[in-house]
Every structure is written in C-alpha cells, then in structure tokens.
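Read through the structure below, which is laid out as structure tokens, and then see the notes.
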Amino acid sequence: MTEAAFIYDIILSKHVLREDHPLRPFRLQYAYELLDAYGAFDGSTSKIVSPQPADEDILLTFHTKDYIEVVKSLSRGEKVSNQSTYNFSIYGDNPPYEGMYEASILPVGASLIAAKVVADGEFDVAFNISGGLHHAASNYASGFCVFNDLVIAIKSLLGRGMRVAYIDIDAHHGDGVQNAFYDSDKVLTISIHESGSFLFPGTGEVTEIGTGDGKGYAVNLPLYPHTEDDTYLWAFREIVPPLVTSFKPDIVVSQLGCDTHYLDPLTHLMLTTWGYTEVVKEVKRLAPRWVALGGGGYDMGTVARCWTLAYGVMIGKDWEDEIPEAYQQKYGIKKLRDKDVPQLADRTKDQVRSSAQEMVEELRRLVFPKHGL
Ligand SMILES: [Zn+2]
C-alpha cells in the first residue's frame, strides 16, 4: 500500500502578492480543505507533515547571496534602487511585498522535507502543493517565482547520490529547472508545455536539448494552443515513458501545475480533469519514488479539484464525484470532475495533433539516440 505525506501548513496560503495578482496563495487552502472534506487525511497511510522554513545556507546551494539580500530588503519594506535588475516591479509579474522572504522560504522548506521523507523511505510519495516554482533563476525572480524550490530539492537529492528524473506538466516551460541542470547528465529534465511562441516564458523549444555532458538530458515537448486531452496524452506517452525508463532514475520529481486546464485564465491548453488525472497516473507509473510538487493554476476551483484528484492518484483513492456537502456550501463547487467539456472543431483537433506529431518526431530524432532508443 502506498504511504503518502501531504506537506502543508495554513501559513503557506496566507500571503497576498498584490490584490489583483493572478497567483493567489489562498488556492492552497482551497485545495487542502477539499481533500480534508473527502477524508483524505483520515486513514493511516496518508499523513500531513508541517514544513519548516528553508535556511539561508540551503538557498545558497542555488541562489546568489546578493539576490537573497535583495529579497530580504524588499521583504522588510526597504527601497532597493536596482530592484528591476532582479526582475521585481510593483505592477509586474513579481511585485515586492512585505514578508516576501518569509513567504518564499517556506515552500522551499516544504519541498525539501518532501524530498527528504521520500528519499529516506519514510513515504512512497510526498505532495507539496505550495512548491513547483519552476521559473525562479539563481539571481532573479521570474513568473511569480522568487526561490526555486525544485532546483534546491533536486540538488539535495543529487547530494545523496541519486539520479533524478524531473517531469514538468505545467502549461508553462520549466525554464528555471532546465537551466540549472542544462549541462548535467545526472538530472533528466522533461517539460511538456504550451509552445513558447504563444506563452510565457517564450522558451522550451524542441531543439533545447542540453549542452556538454547534459546533451540529450533536457527534453522539451511544446504543444499548440488548444491541445486537448487525447493529443496531450498521446504525445506524453510517446516521449516520457521511454526516456524515463531508459534513464532509470532513483527518484522522480514532478511539477504538477494544473494551468493546462481549459478553464485556466492565463493559458490556452484545453485539458480536462480527466486528462490531467490520466497524466498524473502516467507519472506515478514511472516513479520508483515520487516527490510531487505543485505549480501553476489560476482558476481557484479548478486548482482545488485537480490537486484533489492528483492526491487521490497518489493514495489510490477514486473520490466520489459529488463534493461533500459542507465544502459545497462554503465554496459553491458541486462536482469534482468536469461535466461540460470543451468541444473543439475537427479542424482544430487535426491541427494540434499534426503539430504534436511533428514535435514527437523531432524528439525521436534529436534525443532518443542519446538514450539508446
Ligand atoms: Zn504555469
């Protein structure tokens, strides 16, 4: 039986980046309460684990000292004249706010404890929904991400001599993680995302395959806007299982952003809760041990539903579709799974499929031979 840890504390959901900012940490509480309503933490095989804030020494395994100091200063409400050098601006993606440092080190600590309990063999899987901040760079903030919990957690696993496969299913390219390990063959990074021609951060082309020893160990599968369940799943299955299987990781770290969903206001992929859940099942099949982290997701109800379904996959529970009464009354969501799924024109379906086929062919040509495939 799978033993799972859910890394959570309500403090993770308390900060506000800016009143009108699309990333609303309260979504974490929304998801936690839905899982709790289903009784996800009642059994003996699923346990809530509280995170501790990451200390500065751990941040320094990836981030630069001067960047950390800038985050601290802004967090104290001090003016930093060159804040734009670090990609902070009041009205941009990464607004400075009071308490930003404290709010940003807790998700890192949460991902570190997730990695630790799984690597120690205490749990088969750990899910930190506050993690997955895949855009943060070593010396600047990016895409709502201040510190890169994924890179720091993966480095902690590498420090234990583990081979790590990283699977990123967020709608946006996992650029920060890819770049951190671009010249390494110890980490296989795979990102499947909406094409950078249409979406932030603009990178993640199929031709970005790593450099030096890392050549063939960075994998990008960009998809067209409107890609739906069938094409997404087909492309995922063509690329991800063969590569991960041949890489033989000791552990899989996954970024489970759910902004691929058709209701997400920031992106243009068209997955449903069914498609998302099937992808999470695929990741589970590939993971000898599994560190599962959150990521994007900007429609509150969709985030709660998707991560509840994902945790259900982790602990082997197929939740009832009818959402428990108390949660329905509090938040007004009645069903767990999508009912009114988007209907795409045949022509659109054909277009996204043929684009995905092209990308899959490219990867077979560019990357598969490096893995003896
Ligand atoms: Zn995203």
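Just follow the structure's listing: the first ligand is 1, and inside any ligand the first atom is 1.
Here NE2 of H268 is found 13.0 Å from OH of Y224. Values are rounded to the nearest 0.5 Å. L133 contributes atom CG, which lies 8.0 Å from atom OG of S104 (distance to the nearest 0.5 angstrom). Put simply, NZ on K116 and CD on E122 are 6.5 Å apart, with the number rounded to the nearest 0.5 Å.
Checking side-chain atoms of H193 against main-chain N and O of G204 turns up a donor-acceptor pair under 3.5 Å.
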Assess whether salt bridge (Lys or Arg N to Asp or Glu O under 4.0 Å) is satisfied between D321 and R337, documenting all intermediate values.
CA-CA 6 Å; D321 203 36; R337 296 168 187 83; 3.2 Å; yes
List the steps, then state whether salt bridge (Lys or Arg N to Asp or Glu O under 4.0 Å) holds for D185 with K370.
CA-CA 11 Å; D185 59 1; K370 308 259 179 221; over 6 Å; no
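Note on the Zn ion (ligand 1): protein N/O/S atoms under 2.8 Å are D170 OD1, H172 ND1, D259 OD2.
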